[in-house]
Amino acid sequence: MDRSQKADLVDELKRVFTETSVVVITRNHGLTVAQSTDLRLKMRDAGAQFKVAKNSLALIALEETRYKPIGDLLKGPTALATSGDPVAAAKVAVDFAKTHDKFEIVGGAMGDTVLDVNGIKALAELPSLDQLRATIVGLIQAPATKIARTVSEPGAQLARIFSAYAAKEAA
């Protein structure tokens with residue numbers, strides 16, 4: 001990799017660090033190409049990215065970002081999982097680590113907060129942004145449904161009473 005390619009990679013990493021909500025640092029001790037591809041696809045499906053970058057270049061990219069404190073975690077064969085949704089990258093990484101021994105979560109950060117392995121696992125247990133939105137929409141719609149039911153119920157009761165009287169007179 002020549003100097004210009006390294007500069008481009010540092011610029012790309014810097015852009016990712018400024019736009020992301022969470023960074024999860026992982027260590028892979030011999031994942032196969034198929035396993036690595038599977039992980040990348042799962043990350044992409046969840047709206048996250050998984051990137052293997054040279055630690056020295058990642059450290060340079062971290063310099064002027066809020067994620068600078070996680071530079072201490074970049075030792076050995078590491079990779080970075082990032083996402084705009086604060087939960088997506090952590091969820092996929094934790095789920096993948098449960099089924100693959102050679103994949104290890106080192107730590108990460110959410111904004112200015114540095115997280116250890118347990119922090120990443122706790123973050124992965126939270127509902128995703130889409131799940132929270134669906135819950136809020138459900139809570140907003142529930143009162144409207146109850147009001148509509150309450151308003152229409154007296155009319156329905158009258159209709160049942162008139163129907164009962166009509167059936168009684170017909171008999």
Evaluate the criterion side-chain contact (heavy atoms from CB on, under 4.5 Å) for residue pair Leu62 and Leu74; output intermediate values, then yes/no.
CA-CA 11 Å; Leu62 284 170; Leu74 294 173; 3.7 Å; yes
Is there a side-chain contact (heavy atoms from CB on, under 4.5 Å) between Thr20 and Gln49 once you walk through the steps?
CA-CA 10 Å; Thr20 191; Gln49 294 178 339; over 6 Å; no
Given Thr65 and Lys14, is the side-chain contact (heavy atoms from CB on, under 4.5 Å) satisfied, shown in steps?
CA-CA 7 Å; Thr65 67; Lys14 196 176 290 190; 4.3 Å; yes
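Within the 4.5 Å cutoff, side-chain heavy atoms of Val24 are placed close to those of Thr26. Counting heavy atoms from C-beta on, the side chains of Asn28 and Lys102 never come closer than 4.5 Å. Looking only at side-chain heavy atoms (C-beta outward), Met110 and Leu115 come within less than 4.5 Å of each other. Residues Val52 and Arg40 form a side-chain contact, since some pair of their non-hydrogen atoms from C-beta on lies under 4.5 Å apart.
The salt bridge (charged side-chain N to carboxylate O under 4.0 Å, His left out) search around Glu19 returns Arg15, not counting sequence neighbours. Listed by chain and number, the residues in a side chain to side chain donor-acceptor pair (under 3.5 Å) with His100 amount to none (sequence neighbours excluded). Listed by chain and residue number, nothing satisfies the side chain to side chain donor-acceptor pair (under 3.5 Å) test with Ser56 (two or more places apart in sequence, or in another chain). Residues satisfying the side chain to side chain donor-acceptor pair (under 3.5 Å) criterion with Asn55, sequence neighbours excluded, are Thr78. Listed by chain and number, the residues in a side chain to side chain contact (heavy atoms under 4.5 Å, CB included) with Thr32 are Ala34, Gln35 (sequence neighbours excluded). For Ser4, the side chain to side chain donor-acceptor pair (under 3.5 Å) partners two or more places apart in sequence, or in a different chain, are Asp2.
Hydrophobic cluster of Ile161: the remaining members, joined at side-chain heavy-atom separations below 4.5 Å, are Tyr165, listed by chain and number.
Hydrophobic clustering (side-chain heavy atoms under 4.5 Å, transitive across Ile, Leu, Val, Met, Phe, Trp, Tyr) groups Ile25 together with Leu57. In the hydrophobic clustering of ILVMFWY residues, with side-chain heavy atoms under 4.5 Å counting as a link, Leu31 and Met43 come out together. Under the 4.5 Å side-chain heavy-atom criterion for ILVMFWY residues, a single connected hydrophobic cluster contains both Val10 and Val23. A single hydrophobic cluster is not seen to contain both Phe50 and Val16; linkage of ILVMFWY side chains at heavy-atom distances under 4.5 Å, directly or through other members, places them apart. Tracing side-chain contacts under 4.5 Å through hydrophobic residues (I, L, V, M, F, W, Y), one never reaches Ile120 starting from Val106; they form parts of separate clusters.
Within the structure, salt bridge (charged side-chain N to carboxylate O under 4.0 Å, His left out) contacts touching residues 66-76 (residues at least two apart or in different chains) are Glu63-Lys68. Residue pairs satisfying the salt bridge (charged side-chain N to carboxylate O under 4.0 Å, His left out) criterion with at least one member in residues 30-39, sequence neighbours excluded, are listed as follows: Asp38-Lys42. Annotation: salt bridge (charged side-chain N to carboxylate O under 4.0 Å, His left out) contacts involving residues 23-34, sequence neighbours excluded, are absent. Sorted by first and then second residue, the salt bridge (charged side-chain N to carboxylate O under 4.0 Å, His left out) pairs with a member in residues 110-121 form an empty list; sequence neighbours excluded.
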Using residues 79-98 as the side-chain source, report each donor-acceptor pair under 3.5 Å to any protein atom, sequence neighbours left out, with the distance given to one decimal.
unit_1: Ser83; atom_1: OG; unit_2: Asp85; atom_2: O; d: 2.5
unit_1: Ser83; atom_1: OG; unit_2: Ala89; atom_2: N; d: 3.3
unit_1: Asp85; atom_1: OD1; unit_2: Val87; atom_2: N; d: 3.2
unit_1: Asp85; atom_1: OD2; unit_2: Leu129; atom_2: N; d: 3.4
unit_1: Lys91; atom_1: NZ; unit_2: Ala124; atom_2: O; d: 2.9
unit_1: Lys91; atom_1: NZ; unit_2: Leu126; atom_2: O; d: 2.9

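In the displayed structure, Asp101 atom CG is contacted under 6.0 Å by at most 12 heavy atoms of other residues, nucleotides or ligands.
With rounding to the nearest 0.5 Å, the separation of CG in Asp8 from CZ in Arg3 is 13.0 Å.
Of all heavy-atom pairs between Phe17 and Tyr67, the closest is O-CE1, 3.2 Å. Leu13 approaches Ala61 most closely through the heavy-atom pair CB-CB, 3.5 Å. Heavy atoms only, all atoms of each residue included: Ala109 and Ile70 are closest at CB-CG2, 3.5 Å.
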